[in-house]
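So you know, we letter chains A, B, ... as the sequences are listed, proteins then strands, and number each from 1.
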There are 2 protein chains.
Amino acid sequence: MNIGEVAEAAGLPAKTIRYYEDIGLITPLREANGYRRFTDAHLHKLAFLARARGLGFSIEQCRTLLALYEDRARASADVKALAETHLAEIDAKMAELAEMRRVLAELVEACAGDHRPDCPILLGLAQAPKTD
Amino acid sequence: MNIGEVAEAAGLPAKTIRYYEDIGLITPLREANGYRRFTDAHLHKLAFLARARGLGFSIEQCRTLLALYEDRARASADVKALAETHLAEIDAKMAELAEMRRVLAELVEACAGDHRPDCPILLGLAQAPKTD
DNA sequence: ATAGGGCTTCCAGTTACAGGAAGGTCAAGG
DNA sequence: CCTTGACCTTCCTGTAACTGGAAGCCCTAT
C-alpha cells in the first residue's frame with residue numbers, strides 16, 4: 001500500500017503517518033522510486049496508534065503501548081498501570097474543566113447580555129474570586 | 001513595581017509577564033536602567049488576565065475581554081457572547097474527555113493486571129471498537 | 001572589591017501535528 | 001510523444017502559551 005491508501009484505511013492523515021515515521025513510531029518499507037510501502041502489519045500498527053491517540057494517550061504513552069503490544073512476554077499489569085495513569089490524567093483534566101465551567105456559568109448567568117455596559121462577567125474577572 | 005514584585009502580586013511568573021508584553025497584552029513603563037516599571041493599573045490588568053486564563057480563555061479571547069473591559073461603551077451582550085462561546089468549548093472538551101474516560105475505564109476494568117501477558121486493553125486498542 | 005539577587009535580551013524546546021512550496025512519478029488520454 | 005492530474009517526495013514554517021537557560025548588566029551590602 002502507498003501512504004494514501006493506508007492513511008484512508010487507518011483513518012489518519014498522510015501527514016501524521018509521515019510524522020510518526022519521523023519520530024520512529026513506524027518504519028515503512030520503500031519502493032525503488034522512493035515511495036513508502038506499507039504492509040498489513042504496518043496498517044495494523046497505525047490503526048492501533050489511531051485508537052490509542054483517540055483515547056487521549058500521548059505519543060510517548062503510545063510508544064510504550066506499542067512496545068508492550070509487541071512484547072509477547074509483557075505483564076498485563078504494566079499495561080493496566082499505564083492506562084490507569086492516563087485515566088487519572090483524564091480525571092484531573094475533567095475536574096479542572098468542571099471547576100472552570102462552574103465559575104464561568106455562574107458569571108454568565110448573572111450577566112444580562114443586553115446593550116448596557118454593566119457586566120458581572122467583567123466584574124468577576126476584575127475582582128478577586130469571592131469566597132463562597 | 002519591578003517585575004518580580006508584580007509577578008508575585010498578580011500570581012503570574014515573570015516570564016509570563018514578559019511574554020504578555022511581547023504579544024502586546026500589556027505595556028509597562030521603563031526605568032532609566034531598562035527595568036520594567038509596573039503601576040497599579042498594570043497589576044490590575046495582569047490579575048484580570050490571570051483570572052481569565054484561569055477560566056480557560058485563550059490569549060486572544062483574553063485580549064478581547066481586556067478590550068471590552070476597558071471600553072466604557074461596551075455592551076454586556078458582547079461579553080456574554082464571548083463567555084458563552086467559551087462555555088461551549090469547555091462543554092465540548094468535557095464531552096470528549098468523558099467519552100475517552102468511558103471507553104478507557106471499560107478496558108481497564110476488564111484487565112486483570114497481573115503477570116500474565118493477556119490484556120484486554122491491548123486487544124481493545126488492536127481491534128475495531130465494538131459496536132455496543 | 002566582591003558576592004548575591006534581581007533584572008535584561010535572546011535562543012531553543014515543548015506537543016502533535018498542519019500548511020505549503022518545489023519537484024519527482026505514474027497512468028490515462030489525445 | 002506529450003500533457004494533465006493525481007499521487008508521492010522532502011524541507012521549512014507555524015501553531016499555543018509559555019518554560020528553561022545562557023550571557024551579561026544593575027544595585028546593594030559587606
**Q** Of all heavy-atom pairs between A:Leu87 and B:Arg101, which one has the smallest distance, and what is that distance?
**A** CD1-CG, 3.9 Å
**Q** Please examine the side chains of A:Gln61 and A:Thr64, heavy atoms only from C-beta on, and report whether any two atoms are closer than 4.5 Å.
**A**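 No, side chains not in contact.
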**Q** So which of residues 81-94 of chain A are in contact with DNA chain C, with a heavy-atom cut-off of under 4.0 Å?
**A** none
**Q** Rounded to whole angstrom units, what separation is found between the CZ atom of A:Phe38 and the C1' atom of D:dC8?
**A**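 Value for this atom pair: 11 Å.
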**Q** Between the protein and nucleotides 3-7 of chain D, list the N/O to N/O atom pairs that are separated by less than 3.5 angstrom.
**A**
unit_1, atom_1, unit_2, atom_2, d
D:dC7, O2, A:Tyr35, OH, 3.3

**Q** 5' to 3' on DNA chain C, which nucleotides open and close the contacts with chain A (atom under 4.0 Å from a heavy atom)?
**A**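 In short, chain A contacts DNA chain C from C:dA16 to C:dC26.
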**Q** For a quick test of reading the model, state the closest non-hydrogen atom pair linking B:Asp114 to A:Ala75 and the distance between them.
**A** O-CB, 3.5 Å
**Q** Could you tell me which non-hydrogen atom of A:Ile90 sits nearest to which non-hydrogen atom of A:Leu55, and how far apart they are?
**A** CD1-O, 4.0 Å
**Q** Would you mind reading off the bend of the helix from C:dA1-D:dT30 to C:dG30-D:dC1 from its two end axes, five pairs each, to 10 degrees?
**A**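 The end axes of the helix from C:dA1-D:dT30 to C:dG30-D:dC1 are about 40° apart, to the nearest 10°.
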**Q** Show your reasoning for whether side-chain contact (heavy atoms from CB on, under 4.5 Å) applies to A:Glu5 and A:Leu43.
**A** CA-CA 10 Å; A:Glu5 197 180 344; A:Leu43 169 55; over 6 Å; no
**Q** Start at the 5' end of DNA chain D and walk down; is the nucleotide closest to B:Ser58 or to B:Asn33 reached first?
**A** B:Ser58
**Q** Passes salt bridge (Lys or Arg N to Asp or Glu O under 4.0 Å), B:Glu106 versus B:Arg102? Steps please.
**A** CA-CA 6 Å; B:Glu106 199 175 306; B:Arg102 190 185 67 74; 3.7 Å; yes
**Q** If we only count heavy atoms from C-beta on, is the B:Leu82 to A:Ile121 side-chain gap below 4.5 Å?
**A**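 No. Closest side-chain heavy atoms not under 4.5 Å.
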**Q** What heavy-atom pair brings B:Lys80 and A:Cys111 nearest, and what distance separates the two atoms?
**A** NZ-O, 2.7 Å
**Q** Can you measure B:Glu60 atom CD to D:dC18 atom C1' for me and round it to whole angstrom units?
**A**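 Value for this atom pair: 14 Å.
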**Q** Can you see which heavy atom on A:Lys45 is nearest to which on A:Leu66, and at what distance?
**A** CE-CD2, 3.8 Å
**Q** May I ask you to list the residues of residues 10-32 of chain B, by number, that have any heavy atom positioned under 4.0 Å from an atom of DNA chain D?
**A** B:Pro13, B:Lys15, B:Thr16, B:Tyr19, B:Tyr20
**Q** Would you check, one step at a time, whether the test salt bridge (Lys or Arg N to Asp or Glu O under 4.0 Å) holds for A:Glu96 with A:Lys93?
**A** CA-CA 5 Å; A:Glu96 197 186 339; A:Lys93 272 187 208 160; over 6 Å; no
**Q** Identify each donor-acceptor pair in which a side-chain atom of residues 6-23 of chain B lies under 3.5 Å from a protein atom, sequence neighbours left out, and give them as a table.
**A**
unit_1, atom_1, unit_2, atom_2, d
B:Glu21, OE1, B:Arg36, NE, 2.5
B:Glu21, OE1, B:Arg36, NH2, 3.3
B:Glu21, OE2, B:Arg30, NH2, 3.3

**Q** Could you go through A:Ile59 and A:Arg53, starting from their C-alpha distance and side-chain angles, then the distance that decides it, and tell me whether this counts as side-chain contact (heavy atoms from CB on, under 4.5 Å)?
**A** CA-CA 7 Å; A:Ile59 289 285; A:Arg53 292 286 300 130; 3.8 Å; yes
**Q** Could you tell me whether A:Glu109 atom CD has more than 12 heavy atoms of other residues or ligands within 6.0 Å of it?
**A**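 No - once you tally the heavy atoms of other residues, nucleotides and ligands closer than 6.0 Å, there are 12 at most.
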**Q** Assign the ring pair A:Phe48 / A:Tyr69 to parallel, tilted or perpendicular, where the plane angle (0 to 90°) is split at 30° and 60°.
**A** parallel
**Q** With a 4.5 Å cut-off on side-chain heavy atoms, are A:Asp78 and A:Asp71 touching?
**A**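 Heavy-atom side-chain distance check fails, nothing below 4.5 Å.
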